[in-house]
Amino acid sequence: MDYLDGWKRTGSCNSLNKSHVGQQAVLMGWVQRRRDHGGVIFIDLRDREGITQVVFNPEYAPQSHKKAHEIRNEYVIAVRGKVCLRPEGMANPNLATGEIELMVEEVKILNQAKNTPFQIEDQIDTAEDVRLRYRYLDLRRPVLQKILMLRHRVCQQVRRYLDQLGFLEIETPVLTKSTPEGARDYLVPSRLNPHSFYALPQSPQLFKQILMVSGYDRYFQIVKCFRDEDLRADRQPEFTQIDLEMSFVEREDVMQVVEGMVKEIFQREKQLTFSNPFPRMTYQEAMSRYGVDRPDTRFGLELVDITDLVRNSQFKVFAEAIQKGGQVKGINGQGCGSLSRSEIDDLAKVVQIYGAKGLAWIKINPDGIQSPLKKFLSEEEIANIKTRMKAKVGDVIFFVADAPSVVAASLGALRLTLGQKLNLIDPNRYDFLWVTDFPLLEYDSQEGRYVAMHHPFTAPMVEDISLLETDPLKVRAQAYDLVLNGQEIGGGSIRIHTRQMQAKLFDKLGIGEEEARQKFGFLMDALEYGAPPHGGLALGLDRLIMILAGTSSIRDVIAFPKTQKATCLMTNAPSEIRPEQLKELRIKLDHS
RNA sequence: GGGGUCGUAGUUCAGUUUGGUUAGAACGCCGGCCUGUCACGCCGGAGGUCGCGAGUUCGAGCCUCGUCGGCCCCGCCA
């Protein structure tokens, strides 16, 4: 094995082209592949920028050619030689450097490599647990390197953009205070304060509000947040937010800043220009038309309410659901007429996951309708439904009758399934949407109290404040979510900035005065010392990168992600610790 | 907490329906040959705790029970 001995790279493995022919060059990188022809040996040399073919010729450089025999895949080598035009007809159009090659004069083997458990290339079929165990090899694959480079560019652009607008990047603590509400906290025991625990932040929410009180005016941070909840394809226990907060602003001001930032990112990364403001939709409208608060507006198949048409229907499933305060809504599956009975059964399984008891359907055939409901519905009812649903021959109308929340969730999910099945979703389209006018509170029947829909520091709409006493669920929040292609990529609000209003909210949430003082005393106090009106937003960086990279797993955009059981297969975290460590922390384990 | 799915050479899989001799294939790897390949080619070879543990059986990769792990989903994620 060899040392660098003062060698310096003249460029990356993507740096050489026709214009360098005749020059000397030094390249270093990993061996992608070796092709030994008995005489001449070719090696594809790879670094994060690209690949260059280097050539070992027994006549040109006998010593190096001999040494090339012992080189294997993923060896780390350095080569010095002359840049040559490839012989006539030998150029490789698939390679950026394909017109040239490096005729090696001297080679250094900088390190050897064992056989890797999988090939270091984009197209592999390897199980994800193997990839995660050898994440350092997985990350060597160009497809992942490109994503992390994309992530870097986006972060740099966010910093430039916000800096230009006068935002200050200020760090907030990672060891902080556990607070009620929201997700489960990750806890860290305090050695110096036995029996006490820090919590890792679910977000820097309170610190950024305090910074506004302190007069920093405009803050941002690209920051890790921690939530000890179950994982999903788009959820990790530690994830990154682009977090920002502004003073002396209203909703429009925050939305404008964020919109401008996102537009710049898409301009640069996707060469897409959004000349108009992002569309807006109220929460109410989103729920009623799409069944979710983050609608994918790239396709139709909207939900249609037919409750009034079937209120007195002979079909008991409909009538009884309505009687219990529920509703009946439908989706016109345009062109679903070709679906088989078993495919429709599969669709029924989709809605059942969300609590629907079944999926009713009416198929519009050329010779009339086909439906399990046919004998329960009158001619008039069917005609009315067909008109309301704008159904024509070849369509299938699907219905769910249940409580409004079940109808929304199940039909919202069915809509997405149908959109995919019918190929209605254009993957090259990027539909942004602001969802506004969220309810401030929702009722948690399990806990028997109101909980904040966004968080307890969100300001109510000024004109709704009086409703707090009379009809709390009707109070709208000064909150806004940014939705992209049916994914929530950001959310924010104008915050409460007076102690009185904050106290009122805590009261509504069933947080007593004593508890409020204990958990949020510092915030309450701070609000009494001249807190300016302020508001902000946080964007989910990981999800944004997922969409930009076109990947369906959040693990593809995080260098060292965790498994669904929140473990790291590379380091084997979390792990047991030494008894002395526990003793220092005055912690005893319960092995029951 | 619940539902689904997967686990067999380094990797991806077949074999499980119907238990039965020595568990196969491809890619990768190793060796030999080959001076213009770029998925190089040709010849040869090595490589297995069938996730783990019990059980049924004359006999288990295959059947039963348990357990561990990966992935997707519901709940959860202010």
Side-chain angles (χ1 to χ4, degrees), chain A residues 32-46 51-60 65 69 72-74 84 86-95 97-98 101 103 114-121 123-134 137 179-185 202-203 205-206 225-237 239 349-356 406 409-410 413 417 438 440-442 444 446-447 450-458 477 479 488 491 493 505 509 511 538 540 552-553 555 562-565 567 569 572:
Chain A
Q32 178 69 37
R33 198 167 271 117
R34 185 178 68 119
R35 291 179 293 279
D36 184 345
H37 285 255
V40 68
I41 294 173
F42 300 99
I43 281 177
D44 293 335
L45 193 64
R46 185 197 71 237
I51 283 178
T52 302
Q53 173 166 281
V54 302
V55 186
F56 297 81
N57 190 302
E59 284 148 20
Y60 187 72
H65 176 262
H69 279 103
R72 292 292 180 272
N73 282 353
E74 299 307 314
C84 294
R86 293 203 189 179
E88 189 68 32
M90 295 299 159
N92 183 347
N94 301 320
L95 227 50
T97 60
E101 60 195 5
M103 284 296 285
K114 288 169 59 173
N115 286 327
T116 53
F118 49 85
Q119 299 298 109
I120 311 301
E121 56 195 28
Q123 270 303 118
I124 59 169
D125 221 358
T126 305
E128 197 167 0
D129 53 337
V130 179
R131 290 174 43 202
L132 291 175
R133 183 161 303 123
Y134 298 94
L137 298 178
T179 51
E181 306 289 299
R184 195 176 290 113
D185 285 322
Q202 296 176 29
S203 88
Q205 182 60 35
L206 293 175
C225 303
F226 305 87
R227 295 178 189 176
D228 187 4
E229 298 292 346
D230 285 1
L231 290 81
R232 286 286 191 285
D234 62 350
R235 263 163 46 185
Q236 283 272 306
F239 62 98
K349 283 178 195 147
V350 170
V351 298
Q352 279 162 356
I353 292 171
Y354 298 86
V406 172
S410 57
T417 305
F438 282 83
L440 183 69
L441 304 169
E442 48 192 347
D444 185 329
Q446 264 183 353
E447 294 201 35
Y450 294 110
V451 295
M453 191 155 189
H454 186 51
H455 57 53
F457 320 107
T458 299
E488 182 200 325
S493 63
L505 245 294
L509 295 170
I511 301 172
S552 56
S553 168
R555 296 179 297 280
K562 303 220 167 15
T563 67
Q564 193 157 56
K565 281 197 69 191
T567 66
L569 294 180
N572 272 322

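The sequence lines fix the lettering, A, B, ..., with proteins before strands; numbering per chain opens at 1. All of these numbers come straight from a predicted model, not from anything done at the bench.
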* Asked: Considering residues at least two apart in sequence or located in another chain, which fulfil the ring pair (Phe, Tyr, Trp, His ring centres under 6.0 Å) criterion with Tyr354(A)?
  -> none

* Starting at the 5' end of nucleotides 28-37 of chain B, put B wherever the base has a protein heavy atom under 4.0 Å, S where only the sugar-phosphate does, and a dash everywhere else. => SSSS--BBBB

* Grab the CG-C1' distance between Asn92(A) and rC40(B) for me, whole Å please. => 13 Å

* To do: Report the nucleotide, chosen from rC71(B), rC77(B), rC74(B), that has the shortest atom-to-atom distance to any side-chain atom of Arg227(A).
  => rC77(B)

* With sequence neighbours left out, write down each residue that passes salt bridge (charged side-chain N to carboxylate O under 4.0 Å, His left out) with Arg232(A), or none if nothing qualifies. => none

* To do: Classify the ring geometry between Phe457(A) and His455(A) as parallel (under 30°), tilted (30 to 60°) or perpendicular (over 60°).
  => tilted

* Asked: Under a 4.0 Å N-O cut-off, is there an ion pair linking Arg235(A) with Asp230(A)?
  -> no

* Asked: Going by modelled atom types, is there a donor-acceptor pair between the base of rG75(B) and the side chain of Arg232(A) at under 3.5 Å?
  -> yes

Find every protein N or O atom lying less than 3.5 Å from an N or O atom of nucleotides 12-15 of chain B, and list the pairs.
unit_1: rU12(B); atom_1: OP1; unit_2: Ala127(A); atom_2: N; d: 2.5

* Could you state the CD1-C1' distance from Ile353(A) to rG3(B), rounded to the nearest angstrom? -> 8 Å

* Can you tell me the distance, in whole Å, between the CD atom of Gln564(A) and the C1' atom of rG75(B)? => 13 Å

* **Those residues that, when tested against Phe56(A), pass ring pair (Phe, Tyr, Trp, His ring centres under 6.0 Å) (two or more places apart)** => none

* **For Phe42(A), ring pair (Phe, Tyr, Trp, His ring centres under 6.0 Å) partners two or more places apart** => His37(A)

